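Presented below is the structure to which this report refers.
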Number of protein chains: 2
Amino acid sequence: MNFEEIIGILAGVFTTLGVLPQIIKAIKTKKVNDVSPLMFVVLCLGVGFWTLYGILKMDWPIILTNGISFILNAIMLYIIFTQDKDG
Amino acid sequence: MNFEEIIGILAGVFTTLGVLPQIIKAIKTKKVNDVSPLMFVVLCLGVGFWTLYGILKMDWPIILTNGISFILNAIMLYIIFTQDKDG
């Protein structure tokens, strides 16, 4: 594995798992008042389009990283819309 | 421009600008208590690595989209760390 590939894998792992700390914080505190739902709607659309792009190109790293991202962003969106607003 | 390219551009625009609604909300409400700082630290690292990856490959679309993403995520991080906790 060369230097470029290592940087690419680090980039993919960090951007894919970035939303996890927000999900954990939301579950722990049960508060999402200051979180923007629109951010996660736009991110779901974005990584959804990346997944579709990966499918069109049959590019598995793109499908896998963005597919996981889509699921995580969708989970966060679900938490936001089901959370009691005064929780 | 073919269908794949259009999907790729949509994907890039949405994932790059996704953080904007959160920045606008934080500036308007002056509240970021429920927002995870760690999320934006991890995302800054991730898109920072993607920018470096783009530089190594001299791939301008990767450099441009992730460079903008890095700036936006860094702005959000700055807002979080300068915001009064009881704002």
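The chains referred to below are lettered A, B, ... by the order of the sequence lines, with proteins before strands, and numbering in each begins at 1. This one's a predicted model, so the numbers in the text were calculated from it and none came from an experiment.
- Put simply, the side chain of B:Asp34 never gets that close to the backbone of A:Val35: no donor and acceptor are under 3.5 Å apart.
- Here the straight-line distance linking atom CH2 of A:Trp50 with atom CD1 of B:Ile7 works out to 10.5 Å at 0.5 Å rounding.
- The hydrophobic cluster containing A:Leu72 also contains A:Val41, counting ILVMFWY residues as joined when their side-chain heavy atoms lie under 4.5 angstrom apart, directly or transitively.
- Among B:Gly46, B:Gly8, B:Ala11, the residue making the largest number of heavy-atom pairs under 4.5 Å with chain A is B:Ala11.
- Interatomic distance, CE of A:Met39 versus CD1 of B:Ile24, reported as 12.0 Å (0.5 Å rounding).
- Both A:Val32 and B:Ile79 belong to a common hydrophobic cluster when Ile, Leu, Val, Met, Phe, Trp and Tyr are linked at side-chain heavy-atom distances under 4.5 angstrom.
- Side chain of B:Gln22 to backbone of A:Ser36: a donor-acceptor contact under 3.5 angstrom is found.
- Proximity of B:Val42 to A:Leu17: side-chain heavy atoms (C-beta onward) are nowhere separated by under 4.5 Å.
- Following chains of ILVMFWY side-chain contacts shorter than 4.5 Å, one cannot reach A:Leu56 starting from A:Phe70, and the two form parts of different hydrophobic clusters.
- Partner of A:Thr15 under the side-chain contact (heavy atoms from CB on, under 4.5 Å) criterion, out of B:Val47, B:Asn66, B:Thr15: B:Val47 alone.
- Cluster membership check: B:Leu45 shares its hydrophobic cluster with A:Phe3, using side-chain heavy-atom separations under 4.5 Å among Ile, Leu, Val, Met, Phe, Trp and Tyr.
- Side-chain heavy atoms closer than 4.5 Å link hydrophobic residues (I, L, V, M, F, W, Y) into clusters, and following such links, possibly through other members, connects A:Ile75 to A:Phe81.
- Rounding to the nearest 0.5 Å gives a distance of 9.5 Å between CG of A:Leu10 and CG of B:Leu52.
- Residue B:Tyr78 is found outside any hydrophobic cluster, as its side-chain heavy atoms come under 4.5 Å of no other Ile, Leu, Val, Met, Phe, Trp or Tyr.
- The shortest side-chain heavy-atom distance between B:Asn33 and A:Lys31 does not fall under the 4.5 Å cut-off.
- Listed by first and then second residue, the ring pair (Phe, Tyr, Trp, His ring centres under 6.0 Å) pairs involving residues 4-27 of chain B are A:Phe49-B:Phe14 (not counting sequence neighbours).
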